[in-house]
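What follows is a set of notes on a single structure, which appears directly below.
Naming convention: chains lettered A, B, ... in sequence-line order (proteins, then strands); numbering from 1 in each chain. All values below come from the heavy atoms of this structure, side chains included, with hydrogens, waters and symmetry mates left out.
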Protein chains: 2
Amino acid sequence: MKSKNLQISPAMEDYLETIYLLVGERKVARVKDIAAARGVKPGSVSPAMKKLAAMGLIRYEQREFIDLTPEGEEVARRTLARHELLRRFFHDVLNVSQKNARSDACAMEHYLSDEGVDRLTKFFEFIQRCPRGSKTEFLDRLHHCPLVNPGQPDCDHDCPEVAAMSRTPAVRRSLSDLQPGESGTVAQVDAAGQVRRRLIDRGLIPQTTVEVVRNLPRGSVRILVNGQETSLTTQEATHVVLAP
Amino acid sequence: MKSKNLQISPAMEDYLETIYLLVGERKVARVKDIAAARGVKPGSVSPAMKKLAAMGLIRYEQREFIDLTPEGEEVARRTLARHELLRRFFHDVLNVSQKNARSDACAMEHYLSDEGVDRLTKFFEFIQRCPRGSKTEFLDRLHHCPLVNPGQPDCDHDCPEVAAMSRTPAVRRSLSDLQPGESGTVAQVDAAGQVRRRLIDRGLIPQTTVEVVRNLPRGSVRILVNGQETSLTTQEATHVVLAP
DNA sequence: ATAATCTATTAAGCTCATCTAACAACGTTA
DNA sequence: TAACGTTGTTAGATGAGCTTAATAGATTAT
Ligand SMILES: [Mn+2]
Ligand SMILES: [Mn+2]
Ligand SMILES: [Mn+2]
Ligand SMILES: [Mn+2]
């Protein structure tokens, strides 16, 4: 029984993932449960099940319990592996809340290439094994570095940058220090909330090159980011820390 | 002129992003160019432009050059910022090929939450500033660590794990060493190509807990991953390195 | 100026994923 | 067994996004 449609859509992957989890949790998957888990109405589930059955991915007799075929299980597991990989990256590495980590991951899992899976896995292998024995050493630094998270006591990881910071008050150069014609590389967006969002949304993320085109009246600067011009208030510009 | 539809779909975001880039590159955006850039037919673009114009995001008179309104530019820039953030993460950090990094990023940009953007930016700030002065020190380790990339000469970063590795032949414990009932934590999937993919697709990614349920005849093991059982050949199991 | 060539718009039609609302099957309780 | 409540199926409709093919407008060459 060949599948008629070789491409599996995001929605179909999610149905398979959901069935897989339901069968794992409570032995059986029913239309009602699938609908609840996916946040859709039962009326949407029945036709979807018909389709998945036609593709040979589930075993489905009307009104009976739903079960994955080996091929469906394959897809479900692959999808879930991507889901977990991304969720862990967001939650465990980036410290995104569980809720957002989960929903971002479940949306993006359908678009992560095989190469992406491979390399993201390598990343976990690295932070698990390389950094000096303790498996959380790298994450510790990431989550507690006072350079990035102001208010953190100290990273106690003999980091010369931090030491330098506590010696000299602040040798930081910001975007507001640049003269028209000069350019620099963003090192950090030293702001929170709305200001931070606005700066990031304008493309001012670390490692981006930014050039000051000219100063505008009324305390604004015209800048060039990603080959495109925008304006910023000088106030905002002081929050963009540049690499030395 | 209020937007009738407050939610902007992935496709619409991509149209805005495309227009933004075209205007930046060659001053004007025409239907034909937009179609080519997005890989759709011109017949799809015209109605889309009509819609975006109705939403107040572009300036569009039939048969004339297309331009973003300030609101459209806002959306375009935000989308592009996410695109670049993700692309850089995949390419510069994970070493995914430009092609895949770009396409993965452009698909996922529409689903990354604000919190995700914020934290991913923090990640870049961290690797830019914390690790010992050189901005590429962390990436160097990641990309050259011989623990993860066999064949690499040596990471020369006084890493005790590597030193231990070169002293003692191999103290590694793999999934195939576990007895039924025992469990461990995945540290690395020490395989390439098909085998690696198959193991990852079964959920065996670093930091996952795995339990051996029982040994099967004919050199297979039944294992429990993510609350679900699967089988592996003993051969495959030897490639799953466990944390000590 | 006319024809040839590009380019853009439109209409019709497709697929996918969803909804609502009517209906059918089933199991339970009275 | 009859009624009821729960669960599942179906049909009809919607909307997004795309294609193709016909048509229309604009530009360029002859
Ligand atoms: Mn999903
Ligand atoms: Mn998922
Ligand atoms: Mn995109
Ligand atoms: Mn994009």
Given 3.5 Å as the limit, does a donor-acceptor pair link the side chain of [X] with the main chain of [Y], or not?
X: B/Arg196; Y: B/Val189; result: yes
X: A/Thr69; Y: A/Leu57; result: yes
X: A/Asp67; Y: A/Arg59; result: no
X: A/Glu115; Y: B/Ser97; result: yes

Considering all heavy atoms, the nearest A/Glu71-A/Gly56 contact: OE1-O, 3.3 Å
Residue pair A/Glu13 / A/Val75: nearest heavy atoms and the distance that separates them: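 Nearest heavy atoms, A/Glu13 then A/Val75: CG-CG1, 4.3 Å.
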Parallel, tilted or perpendicular: rings of A/Phe89 and A/Phe124 (30°, 60°):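 Plane angle over 60°, so perpendicular.
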When you get a sec, tell me which of [options] is the closest nucleotide to the side chain of [X]?
X: B/Pro42; options: D/dA16, C/dT9, C/dA17; value: C/dT9
X: A/Val40; options: C/dT18, D/dC18, D/dG17; value: C/dT18
X: B/Met12; options: D/dG17, C/dA17, C/dT9; value: D/dG17
X: A/Tyr60; options: D/dG17, D/dC18, D/dT9; value: D/dT9

Along DNA chain C (nearest heavy atom to each residue), the more 5'-positioned of A/Pro10 and A/Gly43: A/Pro10
[N] OP1/OP2 closer than 4.0 Å to side-chain N/O of [X]:
X: A/Arg38; N: C/dT18; result: yes
X: B/Ser46; N: C/dT10; result: no
X: B/Tyr15; N: D/dA16; result: no
X: B/Lys41; N: D/dG17; result: no
X: B/Ser44; N: D/dG17; result: no

To the nearest angstrom, how far is [X] atom [atom1] from [N] atom [atom2]?
X: B/Ile8; N: D/dG15; atom1: CD1; atom2: P; answer: 19 Å
X: B/Gln62; N: C/dT9; atom1: CD; atom2: P; answer: 5 Å
X: A/Lys50; N: C/dT18; atom1: NZ; atom2: C1'; answer: 16 Å

Inter-end axis angle, the helix from C/dA1-D/dT30 to C/dA30-D/dT1, with every axis fitted to five base pairs (rounded, 10 degrees):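 If I round to tens, the end axes sit 10° apart.
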A/Glu61 atom CD: more than 12 heavy-atom contacts under 6.0 Å: no
B/Gln188-A/Gln128 side chain donor-acceptor pair, cut-off 3.5 Å: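 On atom types as modelled, these side chains do not qualify, holding no pair under 3.5 Å.
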Could you list all N or O pairs between the protein and nucleotides 5-7 of chain C that sit under 3.5 Å apart?
{"from": "C/dT7", "atom 1": "OP2", "to": "B/Lys32", "atom 2": "NZ", "distance (Å)": "3.1"}

